[in-house]
Student: 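Have a look at this one before I ask anything.
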Number of protein chains: 2
Amino acid sequence: MSQPLYQVVYDEIIKRIVDGRYPPGNMLPSEFDLGAELGVSQGTARKALTELEKRKIVERRQGRGTFVTLRTPENSMFHFFRLRSPEGEQVVPEPGTEKVVRRQSNKNERGALFGNPRSVFEISRTRNFRGEPLSQEVSVVPTDLFPGLPDRAPLPNTLYVLFQQAYSCVIIWAEDSLRAGVMGKELAEDLGVDASKPVLVAERKSYDLQGRVVELRTSTFITDNVSYSVRMD
Amino acid sequence: MSQPLYQVVYDEIIKRIVDGRYPPGNMLPSEFDLGAELGVSQGTARKALTELEKRKIVERRQGRGTFVTLRTPENSMFHFFRLRSPEGEQVVPEPGTEKVVRRQSNKNERGALFGNPRSVFEISRTRNFRGEPLSQEVSVVPTDLFPGLPDRAPLPNTLYVLFQQAYSCVIIWAEDSLRAGVMGKELAEDLGVDASKPVLVAERKSYDLQGRVVELRTSTFITDNVSYSVRMD
DNA sequence: TATACTTATTCTTATATAAGAGTCAATATA
DNA sequence: TATATTGACTCTTATATAAGAATAAGTATA
């Protein structure tokens, strides 16, 4: 056997989520039905679902069913926004300014993003926390994947919810590269703080269900009142 | 049923690792033997082992066996030291200075560390990367848990290996809180760099197999040539 | 309205078979 | 004779299936 049966089932379910047969938030067929349909036992279908659950692609509830994970503002925040207050609570930022422009990609962006796009949208946003300036975030995405994005302004607080609901693009994982830096003059004016302020800079690559890099994001955080929390296990 | 059978098996194996019956690096009994001994099927023993593997408490290799995870310099680095070079490679730092002192704990340390210790060891170390100063790390641990620690200088590059091998204390997870800051005068002299340099400050709590907080660590990184990498999935 | 019943789901456990990996002796080869 | 090479054997974990238990929600009933 070249490939385990449950792996075949896993791939088939992914395919069905991607092509819209199992839309986000909807219930999948039961383990028995899925097994019957694909000609495997309930246990094998179950094993595939366990793998999907591990990657947070589906959610299961005993007695209820298995559901395609729906990106909500809550779980998107919890999963991809790692700032915590000094008391250890999840930080829920308040929206600040927002600007969306279409422009040509630079060489770096073209090389990193899926499809090597020449044209990208740049989404720049500032956020506040407890009335103080907190961060600037600049997201770059291919225009191909997100047609009409600028028309949707003002954008929701969590982009990934929009990506999933309006564009069937499901972000399942991301990688941040963190560095210390100084605010810089331009950004300091935007946020109304001192230009020499030390800041935490996070460069992110976001990957969707099909393994495509669909977003590059550079976030600049003022960590006076928050910290970026990382759990290693 | 109050508790699944596999959970009972899980707890029993943890107990045996903690009390030394299954020492780090050693092979566990096979799934069949484990099941037979505890009066469950191979599959149930297997389910428990799967959970242990998920938390990196054991490692399994088909055809070989299941082994209690041994903290090696390699996997300790890989798992708990998240600096990457610009090319994306794991950073292996070179050791710099080292100092271990015994002192009274402060209120914060006493409250956070296991056993509310009055006496702690403070381990201060600097590290370099490609000949340039990279970081300072200050670890604070209860003297109770690590008797004779200062006599073991020079300490190995990775503390967690020592903790496991010499003190049977297995770190299985840790949490970092990251902030941007400035180097400061004292540390700048230590590392021989400019005092106004922006730095990445990581405050860590380390947890062992029994859920105890056994170490508080404050790391100060110069991120000119490295970045702190975080994967969210 | 409260309670029992029904139905549909995932969860737990058990068993059988497949596949990976080392050991060791028999065999071929220089 | 010394040294590879092969192959059988036995250990291990991995995969697949099936049956019953637990859970949740709706439905009938007193």
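Just so we're clear, the structure is a prediction, and the values are computed from it rather than from any experiment. Letters A, B, ... are given to chains in the order of the sequence lines, protein chains preceding strands, and every chain is numbered from 1.
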Student: Classify A/Ser30 by what it touches in the nucleic acid, base, sugar-phosphate, or nothing, heavy-atom distance under 4.0 Å.
Tutor: sugar-phosphate

Student: Of all the nucleotides listed (C/dT13, D/dT13, D/dA16), which has the minimum atom distance to the side chain of A/Pro4?
Tutor: D/dA16

Student: From CZ of A/Phe32 over to P of D/dA18, roughly how many Å is that when rounded to an integer?
Tutor: 10 Å

Student: How long is the line joining CD of A/Glu31 and P of C/dT7, in whole Å?
Tutor: 21 Å

Student: From C-beta outward on B/Val40, which listed nucleotide comes closest to its side chain: C/dA14, D/dA14, D/dT15?
Tutor: C/dA14

Student: With heavy atoms under 4.0 Å as the rule, sort B/Gly65 into base, sugar-phosphate or nothing.
Tutor: sugar-phosphate

Student: Using whole Å, report how far CG of B/Leu28 lies from C1' of D/dC11.
Tutor: 16 Å

Student: Are a donor atom and an acceptor atom from the side chains of B/Ser206 and B/Tyr160 found within less than 3.5 Å of each other?
Tutor: yes

Student: What I want to check is whether the side chains of B/Asp233 and A/Tyr207 have a donor and an acceptor closer together than 3.5 Å.
Tutor: no

Student: I'd like to know if A/Glu37 pairs up with A/Arg16 as an ion pair, taking the criterion as any Lys NZ or Arg NE/NH1/NH2 lying under 4.0 Å from an Asp or Glu carboxylate oxygen.
Tutor: yes

Student: Determine whether the side chains of B/Ser139 and B/Arg217 contain a donor N or O and an acceptor N or O closer than 3.5 Å.
Tutor: yes

Student: Could you give the OH-to-C1' distance, from A/Tyr6 to C/dA18, as a whole number of Å?
Tutor: 13 Å

Student: Is the shortest side-chain N to carboxylate O distance from A/Glu175 to B/Arg84 below 4.0 Å?
Tutor: no

Student: Rounded to whole Å, how long is the line connecting atom CD of B/Gln3 with atom P of C/dC11?
Tutor: 17 Å

Student: Any N/O pairs under 3.5 Å between the protein and nucleotides 21-24 of chain C? List them or say none.
Tutor:
none

Student: For a quick test of reading the model: is some side-chain N or O of A/Arg60 closer than 4.0 Å to OP1 or OP2 of C/dT9?
Tutor: no

Student: What is the distance from CG of A/Leu49 to P of C/dT12, rounded to the nearest Å?
Tutor: 14 Å

Student: When the distance from CZ of A/Phe67 to P of D/dA24 is rounded to whole Å, what number comes out?
Tutor: 13 Å

Student: Counting side-chain heavy atoms from CB outward, which of C/dT12, D/dA14, D/dT15 is closest to A/Gln42?
Tutor: C/dT12

Student: Which one, C/dC11, C/dA14, C/dT9, comes nearest to the side chain of A/Asp33?
Tutor: C/dT9

Student: Quick one: A/Tyr10 OH to D/dA16 P, roughly how many Å, whole number?
Tutor: 16 Å

Student: Can you tell me if A/Thr69 uses its side chain to pair, donor with acceptor, with the backbone of A/Ile57 under 3.5 Å?
Tutor: yes

Student: Any side-chain N or O of B/Thr66 less than 4.0 Å from the OP1 or OP2 oxygen of D/dT13?
Tutor: yes

Student: Report yes or no: do B/Arg71 and B/Ser76 form a side-chain donor-acceptor pair below 3.5 Å?
Tutor: no

Student: Nearest to the side chain of A/Thr44, which nucleotide is it out of D/dT17, C/dT13, C/dC11?
Tutor: D/dT17

Student: Using the side-chain heavy atoms of B/Arg46, tell me which of these nucleotides is nearest: C/dT12, D/dT17, D/dT15.
Tutor: D/dT15

Student: What I want to check is whether the side chains of B/Gln136 and B/Arg125 have a donor and an acceptor closer together than 3.5 Å.
Tutor: no

